[in-house]
2 protein chains.
Amino acid sequence: MEKQYTMSKNQKIIFDLIDKSSEPMKAYSILFNVQKKGIKAPLQVYRALDKLVEIGKIHKIESRNAFIACQNSSCQISKATAFSICESCENVSEISNSKLSKYLSNFADESGMKYSKYNLEFFGLCKKCKSK
Amino acid sequence: MEKQYTMSKNQKIIFDLIDKSSEPMKAYSILFNVQKKGIKAPLQVYRALDKLVEIGKIHKIESRNAFIACQNSSCQISKATAFSICESCENVSEISNSKLSKYLSNFADESGMKYSKYNLEFFGLCKKCKSK
DNA sequence: TAACAGTATGTAATAATATAACATTTATAA
DNA sequence: TTATAAATGTTATATTATTACATACTGTTA
């Protein structure tokens, strides 16, 4: 059995908020939403976010400076992330495709670099927006 | 023959700076460096950067908020970018691997989403840093 | 050439995102 | 229990990016 990480108070508050959200959340929007729970300063939010990213409970969508909860129950793939982003409605969803992750995890080129992590963001139009 | 885009004065100044740089440059560092050429305000920099990204002369490294010149002479691949980033020395290089780009350009999953663009960032240790 | 459209520029102000520095408290484990 | 790591609280500030508005340049076409 693996040891289960126990989230701290602030981490839990912030994770729950992001997890409930149907869309990626930005740091200051998170701050606004948790002020009634006693989290008053940006740094408190950023510290929790950093930790949550580190343990794989959330991911940062780099192109949007926003955070979403990991969709994989096991959260083992925080080092191998892929997202699809609709450029019209800004809907973001995590891609879990084992072929893709296998392909990328094993990717190596002539650079001699050892990759320990990757992040992939696809952009396009989602089904809904495409048919408009 | 395709029509060749002609960069404007500010675009040229900023592109030349980024192109000469051995590492990704951040917007305010660019600003600092071009002030002697008469570009005084952040917005002037951001506007040029936006355009240069749009025409594929430079790419934004999303995880670093920094910009590098496109390494592909033709600059046709601004919609399909991949980078390797050393987490120790922060060296960044563009990956041009036709198998990879073919694989990703053709990637499709069950979401029904039509992807028109992607950005991939690999992280790890470069050869030099690995051997330290 | 005049009128127009599109693109680029200049400038000031401000919004949005993120971190530094320092003091204190809580949790974990030796 | 004592030490160590992790988390918290607070203030200030740094960094990244955009809004709003006025002006000028470039190329096209009537």
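Since the model is a prediction, treat every value here as computed from it, not as a measurement. Residue numbers begin at 1 in each chain, while the letters A, B, ... track the order of the sequences.
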Next on the checklist: Is B:Ser8 close enough to C:dT9 that one of its side-chain N or O atoms is under 4.0 Å from OP1 or OP2 there?
Outcome noted: yes
Item to check | Heavy-atom donor-acceptor pair, A:Glu90 side chain to A:Ser88 backbone, under 3.5 Å | outcome: no
Checklist entry - Under a 4.5 Å side-chain heavy-atom rule over Ile, Leu, Val, Met, Phe, Trp and Tyr, are B:Ile18 and B:Val92 clustered together? => result no
Checklist outcome for this item: From CZ of A:Arg47 across to C1' of C:dT26 the rounded distance in Å is 14 Å
Show the distances under 3.5 angstrom between N or O atoms of the protein and N or O atoms of nucleotides 15-20 of chain C.
from   : atom 1 : to      : atom 2 : distance (Å)
C:dT17 : OP1    : A:Lys26 : NZ     : 2.4
C:dA18 : OP1    : A:Lys60 : NZ     : 2.8
C:dA18 : OP1    : A:Asn65 : OD1    : 3.4
C:dA18 : OP2    : A:Tyr46 : OH     : 3.1
C:dA18 : N7     : A:Tyr28 : OH     : 2.8
C:dA18 : N6     : A:Tyr28 : OH     : 3.1

Next on the checklist: Output the rounded distance in Å from NZ (B:Lys9) to C1' (D:dA24).
Outcome noted: 11 Å
Checklist entry - Quick one: A:Lys51 NZ to C:dT26 P, roughly how many Å, whole number? => result 19 Å
Checklist outcome for this item: B:Phe32 atom CZ is separated from D:dT16 atom P, nearest whole Å, by 15 Å
Next on the checklist: Let me check the geometry of the helix from C:dT1-D:dA30 to C:dA30-D:dT1. What is the bend angle between the axes at its two ends, five pairs each, to 10°?
Outcome noted: 40°
Item to check | Non-hydrogen side-chain atoms of B:Cys86 and A:Met113 separated by less than 4.5 Å | outcome: yes
Checklist entry - Taking the six-membered ring for Trp, are B:Phe122 and A:Tyr118 parallel (under 30°), tilted (30 to 60°) or perpendicular (over 60°)? => result perpendicular
Next on the checklist: Output the rounded distance in Å from CE (B:Met7) to P (C:dT9).
Outcome noted: 12 Å
Next on the checklist: Any side-chain N or O of B:Gln44 below 4.0 angstrom from OP1/OP2 of C:dT9?
Outcome noted: no
Checklist entry - Between B:Ile30 (CD1) and D:dT15 (P), how many Å, whole number? => result 15 Å
Checklist entry - How would you list, by chain and number, every residue that makes a salt bridge (Lys or Arg N to Asp or Glu O under 4.0 Å) with B:Asp16, sequence neighbours excluded? => result B:Lys12
Next on the checklist: Measure NZ/A:Lys12 against C1'/C:dA27 and give the value in whole Å, please.
Outcome noted: 18 Å
Item to check | Rounded distance (Å) that lies between atom C1' of D:dT15 and atom CG of B:Leu49 | outcome: 15 Å
Next on the checklist: Less than 4.5 Å apart, side chain to side chain, heavy atoms only: is that true for A:Ser63 and B:Asn119?
Outcome noted: no
Checklist entry - Is the closest side-chain heavy-atom distance between B:Asn10 and B:Arg47 below 4.5 Å? => result no
Checklist entry - Under 3.5 Å, is there a donor-acceptor pair between the side chain of B:Glu121 and the main chain of B:Glu62? => result yes
Checklist outcome for this item: salt bridge (Lys or Arg N to Asp or Glu O under 4.0 Å) test vs A:Glu87 passes for just one of B:Lys79, B:Lys114, B:Lys117, namely B:Lys117
Item to check | Phosphate-side-chain proximity, A:Tyr5 and C:dT28, N/O vs OP1/OP2 below 4.0 Å | outcome: no
